[in-house]
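Scroll down for the structure; my scribbles are underneath it.
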Number of protein chains: 2
Amino acid sequence: MKKPKLADVAKLAEVSPTTVSRVLNDRGYIGEKTRKKVYAAMEELNYYPNEIARSLFINKTFIVGVIFPTTSNPFYGQLIYHLENVCESLGYKVLLCNSGGREDKERAYLEMLQRHQVDGIIAGAHNRGIDLYKKSRMPIVSFDRILADHIPVVSSDNYRGGELATQHLIDRGCKKIIHINGPRELETPANLRRDAYEDTMKKNNLPYRTYEISDTYLEDLFNENLDLEAVFASDDMIASKVINEAKNRGIRVPEDLKVIGYDGAEAVRMLLPDLSTIQQPIEEIARVSVEILMEQINQSDNFEVKNVTLPVELIKGKTT
Amino acid sequence: MKKPKLADVAKLAEVSPTTVSRVLNDRGYIGEKTRKKVYAAMEELNYYPNEIARSLFINKTFIVGVIFPTTSNPFYGQLIYHLENVCESLGYKVLLCNSGGREDKERAYLEMLQRHQVDGIIAGAHNRGIDLYKKSRMPIVSFDRILADHIPVVSSDNYRGGELATQHLIDRGCKKIIHINGPRELETPANLRRDAYEDTMKKNNLPYRTYEISDTYLEDLFNENLDLEAVFASDDMIASKVINEAKNRGIRVPEDLKVIGYDGAEAVRMLLPDLSTIQQPIEEIARVSVEILMEQINQSDNFEVKNVTLPVELIKGKTT
DNA sequence: ATTAATATGTCAACCGGTTGACATATTACG
DNA sequence: CGTAATATGTCAACCGGTTGACATATTAAT
């Protein structure tokens with residue numbers, strides 16, 4: 001029993017295929033009784049118009065590809081949730097791509113999305129070496145990653161966030177403050193968090209030191225800094241690890257060690273309500289990203305690249 | 001400058017469209033030099049075959065629709081991550097649908113997925129009242145929800161999980177143990193957690209009481225049970241809330257109150273490594289779900305419905 | 001009664017590949 | 001050298017809707 005097609009509906013409703021199409025798309029003149037007959041036939045046959053056929057003809061899929069490391073991470077999970085929500089409200093669907101931080105996967109996804117004729121892409125995963133981003137004439141918006149000159153970047157105010165976090169720790173009386181961040185090589189605005197940390201420390205005549213994520217950064221951090229007073233972690237997961245390691249070593253938080261994280265995803269705030277953090281406006285990021293993508297999609301000719309930076313907020317918890 | 005099509009490639013490579021198609025699909029005889037010429041032309045034109053056109057013809061999209069409440073929740077986030085991974089490894093793409101627990105959205109998504117000719121659906125959101133699931137002849141696999149007779153259900157061993165959790169608390173010497181769960185109306189295997197809790201308490205001649213999620217369940221729980229010794233929460237987020245509320249009330253965990261959760265998502269384990277919980281085999285759930293879906297897709301004729309229950313594991317943390 | 005608006009039908013081209021039938025040319029092998 | 005295998009081309013139908021052109025019929029307004 002094959003899927004019913006438009007012609008089947010037409011036959012059952014005793015009208016022409018054109019009329020059915022007219023009903024479906026609400027164009028031209030349609031009489032009330034005809035419309036009803038058609039709908040009744042669709043109902044009876046359990047008919048769903050084939051979007052694929054439609055997409056082929058109108059040369060538009062109303063699909064947006066979304067590439068991020070993983071939905072497993074609460075921050076990305078929430079961001080993707082909102083992205084999907086905003087897209088849905090505009091009649092767009094989301095093709096989900098978890099790159100898992102692997103460049104080869106990201107490249108494969110990018111190619112897949114092109115083949116699949118998505119109308120646009122929102123990416124916030126890798127960056128380097130993916131020349132496809134540069135070659136592509138596809139509407140793209142990037143989150144927190146510089147992909148190419150012609151690709152707009154949406155991010156929250158990473159510099160300000162770094163500043164807020166660092167200054168907050170200093171205000172709390174800390175002098176020996178360490179920062180933990182991802183590898184510098186990634187050309188991401190998130191490096192600004194690090195710059196802000198270092199600048200702020202310099203400005204206050206304090207020594208600074210940034211640890212990059214590695215297999216042993218946690219032990220190194222504690223072993224090499226016995227006089228440690230505070231840690232500014234570049235995300236909440238890391239902050240949580242620091243706190244746990246401290247606990248294991250009998251170091252009290254916040255009495256002996258103050259810790260502040262970054263991101264402030266809903267789930268994390270629920271699980272660790274005490275954690276001080278810099279909250280990114282996740283929903284806003286999603287909204288703006290889709291907005292800019294839509295501008296590109298709808299007027300690909302006179303679209304001018306604009307980067308957007310959204311404000312962050314310091315959440316003073318009990319870990320600082 | 002429009003997208004290049006197969007015919008453009010053919011022209012540039014000086015071969016016939018049929019030959020290009022042959023190269024693309026590796027059918028029939030193709031000479032080495034021709035193949036190279038064609039690939040070179042594709043490269044030069046930056047050509048990507050139009051999957052939409054292909055899908056239309058072969059009547060298959062290699063897309064799987066995935067409907068869950070939200071990627072924002074670490075458990076679903078991780079589950080979806082793995083689902084996407086498994087699908088990708090089989091050449092399938094994932095259309096993401098966040099129902100947000102709203103039945104109307106779920107219904108709309110279901111319809112959208114049909115229109116979009118997805119090859120199958122994996123759903124773990126609502127259940128009642130969505131007759132579309134029943135009417136649909138589409139390959140579907142459900143996670144933890146009974147949708148219809150002909151739809152296979154994958155879940156972890158909820159009864160065993162409830163048993164493990166409850167017994168663990170009893171073993172720890174608790175007598176006054178409360179359970180918190182979602183509304184009973186949902187016909188989900190997760191109700192088995194509740195049944196197991198109640199059965200186990202009965203078996204041990206202990207009083208039992210289940211709180212259903214509401215606006216005030218947390219306060220009620222503490223106010224109505226001053227002699228409370230332990231809580232078995234039906235997921236880790238709730239467990240975390242209980243722990244925090246306890247802290248706010250000056251109740252020590254685990255000394256005064258023991259708490260065990262449910263799910264054991266990676267992110268949660270990282271953020272709350274001390275939390276005792278029942279760990280669901282998330283990756284395994286994803287693998288099996290996709291596996292069963294593929295069986296349906298590939299042999300929709302003689303497919304027999306089978307429900308699968310996967311083992312859970314008790315994680316003894318420091319909150320019990 | 002005439003004209004205009006409304007309602008529906010027929011037909012064919014098109015979106016961009018895929019596929020089978022069939023023809024033809026080149027190469028390889030016994 | 002002849003036959004078979006290999007290589008490529010032409011052509012047309014098809015997947016399931018969409019759309020414009022055009023024809024015709026019914027209804028409404030003047």
Side-chain angles (χ1 to χ4, degrees), chain A residues 1-42 45-63 111-119, chain B residues 1-42 45-63 111-119:
Chain A
M1 181 168 25
K2 284 207 61 214
K3 279 186 198 147
K5 54 172 77 171
L6 184 141
D8 300 323
V9 176
K11 204 171 298 170
L12 184 61
E14 296 176 298
V15 298
S16 77
T18 305
T19 302
V20 177
S21 179
R22 277 178 187 140
V23 171
L24 238 34
N25 298 293
D26 224 0
R27 345 179 24 257
Y29 298 114
I30 316 115
E32 214 26 66
K33 351 105 205 169
T34 316
R35 179 180 260 113
K36 285 221 179 86
K37 266 197 304 180
V38 172
Y39 277 127
M42 299 201 308
L45 290 176
N46 213 311
Y47 168 78
Y48 293 100
N50 186 328
E51 278 294 319
I52 296 295
R54 180 155 209 278
S55 291
L56 180 57
F57 187 82
I58 65 177
N59 205 26
K60 187 158 166 55
T61 54
F62 289 97
I63 297 183
E111 198 186 308
M112 179 275 276
L113 292 174
Q114 316 245 87
R115 295 167 107 95
H116 235 280
Q117 313 294 114
V118 298
D119 292 339
Chain B
M1 180 168 26
K2 284 205 62 215
K3 278 187 200 146
K5 53 172 76 169
L6 185 140
D8 300 323
V9 176
K11 204 171 296 170
L12 183 62
E14 297 178 295
V15 297
S16 76
T18 306
T19 301
V20 177
S21 178
R22 277 178 187 139
V23 170
L24 238 34
N25 298 292
D26 224 0
R27 345 178 27 255
Y29 298 114
I30 316 116
E32 214 27 66
K33 351 103 204 174
T34 317
R35 178 179 262 113
K36 286 217 178 88
K37 267 198 303 183
V38 172
Y39 277 127
M42 299 199 310
L45 291 175
N46 213 313
Y47 168 77
Y48 293 100
N50 186 326
E51 278 294 319
I52 296 295
R54 178 156 211 277
S55 291
L56 180 57
F57 187 83
I58 66 177
N59 205 25
K60 185 160 167 58
T61 53
F62 288 97
I63 297 183
E111 197 186 309
M112 179 275 278
L113 291 174
Q114 314 245 89
R115 294 167 109 94
H116 235 281
Q117 313 294 115
V118 297
D119 292 338

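Quantities reported herein were computed from a predicted structural model and do not represent experimental measurements. Throughout, protein chains are lettered first and strands after them, A, B, ... in sequence-line order, and every chain is numbered starting at 1. Note that these values count all heavy atoms, side chains included, but never hydrogens, waters or copies made by symmetry.
When rounded to the nearest whole Å, the span between NE2 of B:His116 and C1' of D:dG16 equals 14 Å. A:Lys33 has its NZ atom 13 Å from the P atom of C:dT6, to the nearest Å. The CG-C1' distance, from B:Asn59 to C:dT19, rounds to 15 Å in whole Å. Following rounding to the nearest Å, B:Glu32 (CD) and D:dA7 (P) show an atom-to-atom distance of 9 Å. Between the CD1 atom of B:Ile30 and the C1' atom of D:dT6 there is a distance of 11 Å, rounded to whole Å. The distance between atom CD of A:Gln114 and atom P of C:dG16, rounded to the nearest whole Å, is 16 Å. Summarising the geometry, the separation between CD on A:Gln117 and C1' on C:dG16 is reported as 9 Å, rounded to the nearest angstrom.
Scored by the side-chain hydrogen bond (donor to acceptor under 3.5 Å, both in side chains) test, A:Ser55 finds no partners at all (sequence neighbours excluded). Annotation: side-chain hydrogen bond (donor to acceptor under 3.5 Å, both in side chains) contacts of A:Lys60 (sequence neighbours excluded): A:Tyr92, A:Asp119. When the ring pair (Phe, Tyr, Trp, His ring centres under 6.0 Å) test is applied to B:Tyr48, no partner is found at least two apart in sequence or on another chain. Scored by the side-chain contact (heavy atoms from CB on, under 4.5 Å) test, B:Tyr29 finds no partners at all (sequence neighbours excluded). Residues passing the side-chain contact (heavy atoms from CB on, under 4.5 Å) test with A:Leu45 are A:Pro4, A:Asp8, A:Val9, A:Leu12, A:Tyr47, sequence neighbours excluded. Shown here are the side-chain contact (heavy atoms from CB on, under 4.5 Å) partners of B:Arg27, two or more places apart in sequence or in another chain: B:Asn25.
Scanning both residues, A:Met42 and A:Leu24, for their nearest heavy atoms gives SD-CD1, 3.6 Å. For the residue pair A:Arg22 and A:Ile30, the shortest heavy atom distance occurs at O-CD1, 4.0 Å. Counting all heavy atoms, side chain and backbone alike, A:Val15 lies closest to A:Lys37 at CG1-NZ, 4.0 Å. Pairing each heavy atom of A:Ala13 with each of A:Ala41, the nearest pair is CB-CB, 3.8 Å.
With rounding to the nearest 0.5 Å, the separation of NZ in B:Lys36 from NZ in B:Lys33 is 10.5 Å. Remark: B:Thr19 OG1 to B:Glu14 CD distance equals 12.5 Å, nearest 0.5 Å. The CG atom of A:Asn59 sits 7.5 Å away from the CG atom of B:Asn50 when rounded to the nearest 0.5 Å. Atom OG1 of A:Thr61 sits about 7.5 Å away from atom CD of A:Gln117, to the nearest 0.5 Å.
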Nucleotide N/O of nucleotides 26-30 of chain D paired with protein N/O under 3.5 Å:
none

Under 3.5 Å between N/O atoms: give me all the protein pairs with nucleotides 24-29 of chain C, atom names plus distance.
none

For this session: Could you walk me through whether B:Ile63 and A:His116 pass the side chain to side chain contact (heavy atoms under 4.5 Å, CB included) test, one step at a time?
Result: CA-CA 10 Å; B:Ile63 297 183; A:His116 235 280; 3.5 Å; yes
Exercise. Would B:Ile52 and A:Arg54 satisfy side chain to side chain contact (heavy atoms under 4.5 Å, CB included), going step by step from the backbone distance to the final call?
Worked result: CA-CA 10 Å; B:Ile52 296 295; A:Arg54 180 155 209 278; over 6 Å; no
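For the segment residues 17-29 of chain B, residues with any heavy atom less than 4.0 angstrom from an atom of DNA chain D are, sorted by number, B:Thr18, B:Thr19, B:Arg22, B:Tyr29. For DNA chain D, the neighbouring residues in residues 46-58 of chain A, judged by any heavy atom under 4.0 Å, are A:Tyr47, A:Asn50, A:Ala53, A:Arg54, A:Phe57. Of the residues in residues 7-15 of chain A, those with a non-hydrogen atom less than 4.0 angstrom from any atom of DNA chain C are A:Glu14, A:Val15.
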Exercise. Could you spell out the base pairing of DNA chain C in dot-bracket, with Watson-Crick or G-U pairs whose two distances are under 3.5 Å, [ ] crossing and | to another strand?
Worked result: ||||||||||||||||||||||||||||||
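Between A:Lys2 and D:dG16, a side-chain N or O to OP1/OP2 separation shorter than 4.0 Å is present.
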